[in-house]
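Everything on this sheet refers to the single structure shown next.
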Protein chains: 2
Amino acid sequence: MSALQDRLERPDAAVARGVTGGVEPGDDGPPACSIEQALQLVGDRWTMLILRDAFRGIRRFDEIRRDLGTPRAVLAERLRKLVDAGILQRRRYQEHPPRDEYRLTDMGRELSPILVALMHWGDRWLQDAGPPTVLVHEPCGTDVHLGFHCPACGVDFGPLEIASRPGPGARP
Amino acid sequence: MSALQDRLERPDAAVARGVTGGVEPGDDGPPACSIEQALQLVGDRWTMLILRDAFRGIRRFDEIRRDLGTPRAVLAERLRKLVDAGILQRRRYQEHPPRDEYRLTDMGRELSPILVALMHWGDRWLQDAGPPTVLVHEPCGTDVHLGFHCPACGVDFGPLEIASRPGPGARP
DNA sequence: CAAGTCGGTTCGGAAAGTGAACTGAGATCC
DNA sequence: GGATCTCAGTTCACTTTCCGAACCGACTTG
């Protein structure tokens with residue numbers, strides 16, 4: 001039985017020590033868990049949708065606002081936060097009148113697996129008419145597959161074969 | 001130049017027609033975009049953290065509450081929502097006193113790529129001391145790799161090689 | 001029978017989200 | 001050259017959600 005299977009089945013499991021989290025009494029500094037830290041930046045409905053738009057090539061204030069219907073104040077605040085975090089970059093695209101747009105940085109572009117994973121999950125469980133959009137590997141046109149792969153074994157696998165261990169940045 | 005590269009570079013791009021989204025004037029029914037639909041269920045900081053805990057084997061009300069510090073009312077509401085959606089299942093684990101726990105369904109378990117993608121991104125961009133936790137392929141102990149893979153070409157690739165097309169469930 | 005645990009609900013105040021109106025720089029129209 | 005338009009916000013009043021603390025009821029343990 002795999003480690004995840006174990007966690008899924010054992011009612012009294014105190015397993016999975018690896019993933020740190022929770023708010024300890026003397027809570028100082030950022031949370032140890034990367035998921036929690038990531039969510040502090042992008043774990044918000046509007047933020048995620050803004051990023052989806054960025055991947056779609058929608059990057060001007062009013063364009064985003066029209067597309068999503070985000071209240072202006074919220075959009076301005078979220079864009080500020082994303083720029084401060086280094087996920088978006090504000091760039092002048094014309095001088096007269098001066099206009100800026102928000103484009104993904106490398107940091108932002110690497111969020112794509114998260115968006116793709118959300119999309120695949122939504123396709124599979126929420127869309128009964130079939131996926132409204134499919135992503136393809138452009139050179140060949142084959143449907144994009146996002147999954148766990150082991151370079152050592154050369155196999156694809158599912159969540160049940162995953163185990164977690166403390167990493168180099170683990171805290172005492 | 002790839003389709004995504006195109007969207008990323010062209011300032012006037014009206015590309016990426018595939019991914020549908022936005023709120024059309026006579027907005028009826030669920031959004032066409034799977035990302036948006038998925039976010040309506042799991043696009044919330046607490047919800048994501050509750051799910052992270054579920055993967056860690058934390059599944060009782062008070063256990064979650066202690067771990068995350070979620071206000072009771074919020075936790076109760078989120079769990080209700082997740083159960084209604086079919087992501088968690090409420091299951092009696094003892095009769096005296098009657099106690100239930102919340103465990104992942106298949107639908108919930110398939111959220112793992114989203115959590116893993118969040119974790120990897122957080123590890124890479126937010127944790128300068130190195131990842132606090134690493135996920136390994138249990139049979140061999142190698143670090144888990146989550147990525148885009150093309151079964152036809154047999155290669156791994158990045159977001160720049162992705163193109164989007166209307167799928168079978170696309171709307172007119 | 002008193003105290004404790006688990007899984008909630010209820011409540012009042014604080015924070016965040018929301019739509020509408022306003023601003024201000026520049027372009028365009030007539 | 002004045003009126004209007006666009007873009008990218010800010011400000012404001014109002015509503016919704018969140019939050020922490022208190023309470024509750026079923027059951028167990030001492």
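Residue numbering restarts at 1 for every chain, and letters A, B, ... go by the order of the sequence lines.
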Which nucleotide in [options] has an atom nearest any side-chain atom of [X]:
{"X": "B/Ala76", "options": "D/dT28, D/dA8, C/dT9", "value": "C/dT9"}
{"X": "A/Arg99", "options": "D/dC27, D/dC7, C/dT5", "value": "D/dC7"}
{"X": "A/Pro97", "options": "C/dG26, D/dC18, D/dC7", "value": "C/dG26"}
{"X": "A/Val74", "options": "D/dC27, C/dC6, C/dT18", "value": "C/dT18"}
{"X": "A/Pro98", "options": "C/dG26, D/dT10, D/dA8", "value": "C/dG26"}

Contact nearer the 5' end of DNA chain C, comparing A/Thr70 with A/His96 =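 On the 5' side of the pair lies A/Thr70.
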Does the side chain of [X] get closer than 4.0 angstrom to OP1 or OP2 of [N] through an N or O atom?
{"X": "B/Arg90", "N": "C/dG8", "result": "yes"}
{"X": "B/Trp46", "N": "D/dT17", "result": "no"}
{"X": "A/Arg65", "N": "C/dT18", "result": "no"}
{"X": "A/Tyr102", "N": "D/dG9", "result": "yes"}
{"X": "A/Tyr93", "N": "D/dC7", "result": "no"}
{"X": "B/Arg72", "N": "D/dC19", "result": "no"}

Please state how far atom [atom1] in [X] lies from atom [atom2] in [N], giving the value in whole angstrom units.
{"X": "B/Leu75", "N": "C/dG8", "atom1": "CG", "atom2": "C1'", "value": "10 Å"}
{"X": "A/Leu79", "N": "D/dT10", "atom1": "CG", "atom2": "P", "value": "10 Å"}
{"X": "A/Asp44", "N": "D/dC18", "atom1": "CG", "atom2": "P", "value": "12 Å"}
{"X": "B/Gln94", "N": "D/dT28", "atom1": "CD", "atom2": "P", "value": "9 Å"}
{"X": "B/Arg92", "N": "C/dG8", "atom1": "CZ", "atom2": "P", "value": "10 Å"}
{"X": "B/Arg66", "N": "C/dG7", "atom1": "CZ", "atom2": "P", "value": "9 Å"}
{"X": "A/Ile50", "N": "D/dG9", "atom1": "CD1", "atom2": "P", "value": "12 Å"}
{"X": "A/Asp100", "N": "C/dA25", "atom1": "CG", "atom2": "P", "value": "16 Å"}

Lys/Arg cation over aromatic B/Tyr93: B/Arg59, 6.0 Å, 45° cone | no
Is there a path from A/Leu115 to B/Phe157 through hydrophobic residues (I, L, V, M, F, W, Y) whose side chains come within less than 4.5 Å of each other?
-> yes
Do B/Leu79 and B/Leu68 sit in the same hydrophobic cluster, where Ile, Leu, Val, Met, Phe, Trp and Tyr count as joined when their side-chain heavy atoms come under 4.5 Å apart?
-> yes
May I ask you to say what B/Arg45 touches in the nucleic acid, namely base, sugar-phosphate or nothing, with a heavy-atom cut-off under 4.0 Å?
->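 Nothing, no nucleic acid heavy atom in range.
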So do the side chains of A/Glu36 and A/Ser34 get within less than 4.5 Å of each other, counting heavy atoms only?
->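 Side chain of A/Glu36 against side chain of A/Ser34, heavy atoms only: no contact under 4.5 Å found.
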Aromatic rings B/His145 and A/His149: how do their planes relate, parallel, tilted or perpendicular, breaks at 30° and 60°?
->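 Aromatic pair B/His145/A/His149 classed perpendicular.
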Please figure out whether A/Asp62 or B/Ala73 has its closest DNA chain D nucleotide nearer the 5' end.
->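 The answer here is A/Asp62.
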May I ask you to decide whether B/Arg52 forms a salt bridge with B/Asp67, counting only side-chain N to carboxylate O separations under 4.0 Å?
->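 Salt bridge flag = yes for B/Asp67 with B/Arg52.
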